[in-house]
Amino acid sequence: MTFQAAVLDLVRRIPRGRVATYGQLATLLGRPRSARMVGQALRGADGALPWHRVVNAQGRISPRSRAASMLTQRIRLEQEGVLFRRGRVILTRFRWTAAARQRARFKPELL
DNA sequence: GACTTGACTAGAC
DNA sequence: AGTCTAGCCAAGT
């Protein structure tokens, strides 16, 4: 299992209406210093992957070569109910955490 | 093998 | 809050 494949598998598990950061995913995969690699793994993501649920540590959509995909990302997140505040996702509310996973198991409607 | 290139981050002003 | 810097590391030249 390559790091990239592991990243994609993990990203697929982020539920609707939740976001994770690059560094967070890297840490969950046991490689806390490989945040940049997470972004790299997402470069070639296809349409099936919920790549839009990954933002940077500040809750901002990371800049990339084409600005169009940044707009797409924000629109998709907002369609899932993720709220922004001054250009940042409100991470304290929408971050995908162990606590969020627990709540989801108990009360799925709280997703 | 030596650079360079990033969808990164934490820390320091 | 904005800007810089150093450290990061897999991939591509």
Side-chain angles (χ1 to χ4, degrees):
Chain A
M1 171 80 93
T2 64
F3 182 68
Q4 167 162 350
V7 168
L8 301 185
D9 281 350
L10 190 53
V11 169
R12 271 188 273 273
R13 298 176 44 190
I14 306 173
R16 279 176 53 89
R18 289 275 169 201
V19 301
T21 67
Y22 300 94
Q24 175 187 352
L25 295 177
T27 297
L28 286 172
L29 292 172
R31 309 222 6 216
R33 290 160 296 177
S34 296
R36 304 184 76 146
M37 306 302 94
V38 172
Q40 180 173 290
L42 258 38
R43 264 195 312 109
D46 61 16
L49 194 84
W51 54 269
H52 57 284
R53 297 181 187 144
V54 184
V55 298
N56 66 29
Q58 279 68 55
R60 319 189 71 130
I61 290 167
S62 282
R64 56 203 79 175
S65 48
R66 287 197 300 250
S69 56
M70 294 177 67
L71 184 57
T72 299
Q73 181 167 5
R74 172 153 184 166
I75 289 172
R76 287 193 185 180
L77 286 175
E78 290 182 324
Q79 285 176 339
E80 297 185 352
V82 174
L83 298 179
F84 285 68
R85 170 100 165 194
R86 290 177 220 133
R88 307 193 305 97
V89 167
I90 303 175
L91 284 178
T92 55
R93 258 174 86 184
F94 299 101
R95 186 198 283 269
W96 183 47
T97 60
R101 292 193 280 280
Q102 277 303 109
R103 284 197 301 278
R105 185 167 302 126
F106 188 59
K107 293 189 172 184
E109 72 275 16
L110 291 185
L111 274 180

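We name chains A, B, ... by the order of the sequence lines, and we start the count at 1 in each one. Values below: all heavy atoms of this structure, side chains included; hydrogens, waters and symmetry mates excluded.
S69(A) and W51(A) get closest at one heavy-atom pair: O-CH2, 3.9 Å. Across every non-hydrogen atom of V55(A) and R60(A), the tightest pair is CB-O, 3.5 Å.
Between the R18(A) side chain and the R95(A) main chain, a donor and an acceptor come within less than 3.5 Å of each other. Without hydrogens or angle criteria, R88(A) side chain to Q58(A) main chain gives a donor-acceptor distance under 3.5 Å. A donor-acceptor contact shorter than 3.5 Å is absent between the side chain of D9(A) and the backbone of R12(A).
As judged by a 4.0 angstrom heavy-atom cut-off over every strand, T21(A) is placed among residues touching the sugar-phosphate backbone only.
The interatomic distance linking R36(A) (CZ) with dC8(C) (C1') rounds to 7 Å, in whole Å. Here the P atom of nucleotide dA10(C) and the OH atom of Y22(A) are 18 Å apart, to the nearest Å. Protein atom CD of Q58(A) is 10 Å distant from nucleotide atom P of dA1(C), rounded to whole Å.
Taking the P atom of each, dA7(B) and dG7(C) are spaced 22 Å apart, rounded to whole Å.
In this structure, R33(A) and Q40(A) both approach DNA chain C, and ranking their closest nucleotides by distance from the 5' end singles out R33(A).
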Legend entry - Dot-bracket pairing map - DNA chain C, Watson-Crick plus G-U, both contacts under 3.5 Å, | cross-strand: .||||||.|||||
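On the nucleic acid side, DNA chain B has its first and last nucleotide under 4.0 Å of a heavy atom of chain A at dG6(B) to dA10(B), going 5' to 3'.
Remark: of the listed residues Q79(A), Q73(A), E80(A), E80(A) is the sole one forming a side chain to side chain donor-acceptor pair (under 3.5 Å) with H52(A).
Nearest to the side-chain atoms of R31(A) among the listed nucleotides dA10(C), dG7(C), dG2(C) stands dA10(C).
Counting non-hydrogen atoms of neighbouring residues, nucleotides and ligands closer than 6.0 angstrom, the CZ atom of R33(A) reaches no more than 12 such neighbours.
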Legend entry - Evaluation steps, side-chain contact (heavy atoms from CB on, under 4.5 Å), between V54(A) and I14(A): CA-CA 9 Å; V54(A) 184; I14(A) 306 173; 4.2 Å; yes
